[in-house]
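Starting from 1, each residue takes its place in the sequence as its number. Order of appearance sets the numbers: ligands from 1, and atoms from 1 within every ligand. This structure is a prediction, so every number in the text was calculated from the model and none was measured.
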Amino acid sequence: MMDKKIRKAVFPAAGLGTRFLPATKASPKEMLPLVDKPLIQYSVEEAVECGIDSILIITGRDKTAIEDHFDISFELEQVLLERGKKEMFELVRRVSELAKISYTRQKQALGLGHAIYQARDFVNNEAFAVLLADDVVDAPKRSALRQLIDVYEKYKAPVVATMRVQGEAISRFGVIDVEQIEDRIFRVKDMVEKPKPEEAPSDLAIVGRYIFTPDIFSAIERTDRGAGGEIQITDAMRIMVREGKEFYAVELEGKRHDAGDKLGFLIATVEYALKHEDLADDFKKYLKSLQERL
Ligand code: UTP
């Protein structure tokens, strides 16, 4: 079983997105546009580029925006064709052809662990990837998920993505205790969700990319509500680690943006706009003009 390639990916998108209210009142934060694509499209593309062919999106309330985005839009396509906008038509059509996507609903936002648990029938008996679309990782050389898959293929065990976080900010993350085994690769010894800064076992914080084996589901079943009253995936992973299950971590190469947070989202927008081929030059000029005002 563990020798198989990673073919399936799960996208939890049922969180309440309270940090981005009121924008997330009637639409999931995963649909916030980063320049010209919704956040979730970036990570779906990342997964597809890694060879994922089957995707499950876990939705909450107001799921229709995500489903509609990845569906064919006959009316729009028709209008674009009639107006001779072939390029736009292809752009729109390509989104609906990205991957085989199915949906399931998390009825209550009881936490990320609980959201991932909704994927148990979809996953069946295979190792699978989990991507959090609001964690945008700009990694031009090797995508974040590719970095995890490379470790999974070598060690045949679950893998979490991490990055270094200094100071107080560490207490917003799951944090791991590790033994380094290679450049940027670690064996996980323990983990804790949202520790006080002085109790953090390291400066390696878990970010939104994971490879799990199906035994994560029985660990989630045994996980009590933790930080924030939610069923935390970090607590489920910790159960496995404490039972002696091998777990690995990668310190991601690349720049991670927390696009579920207003400031993080603004920073990501500026960074991506500066790399966008149609916008970069004009946007740069505009930013330079701001210098006089700041
Ligand atoms: P966050 O920790 O960012 O929580 O979730 P949130 O509720 O979405 O947002 P805030 O903190 O209130 O602003 C991390 C990921 O887990 C998903 C979210 O959609 C996001 O992709 N999630 C979280 C669920 O799918 N279900 C949950 O119950 C909680």
So, Phe186 versus Tyr248, ring centres under 6.0 angstrom or not?
-> no
Ionic contact status for Glu221 with Arg120, cut-off 4.0 Å = no
Output yes when Arg146 and Glu49 qualify as a salt bridge under the 4.0 Å nitrogen-oxygen rule, no when they do not.
-> no
Residues lining ligand 1 [heavy-atom distance under 4.0 Å, listed by chain and residue number] | Pro12, Ala13, Ala14, Gly15, Leu16, Gly17, Thr18, Arg19, Lys29, Glu30, Gln106, Ala109, Leu110, Gly111, Leu112, Ala115, Leu132, Asp134
Between Tyr272 and Tyr42, what is the ring plane arrangement, given parallel below 30°, perpendicular above 60°, and tilted in between?
-> perpendicular
So, Gln106 side chain and Gln108 main chain: donor-acceptor pair closer than 3.5 Å or not?
-> yes
Does the Lys8 side chain pair with the main chain of Phe122, one donor and one acceptor, at a distance under 3.5 Å?
-> yes
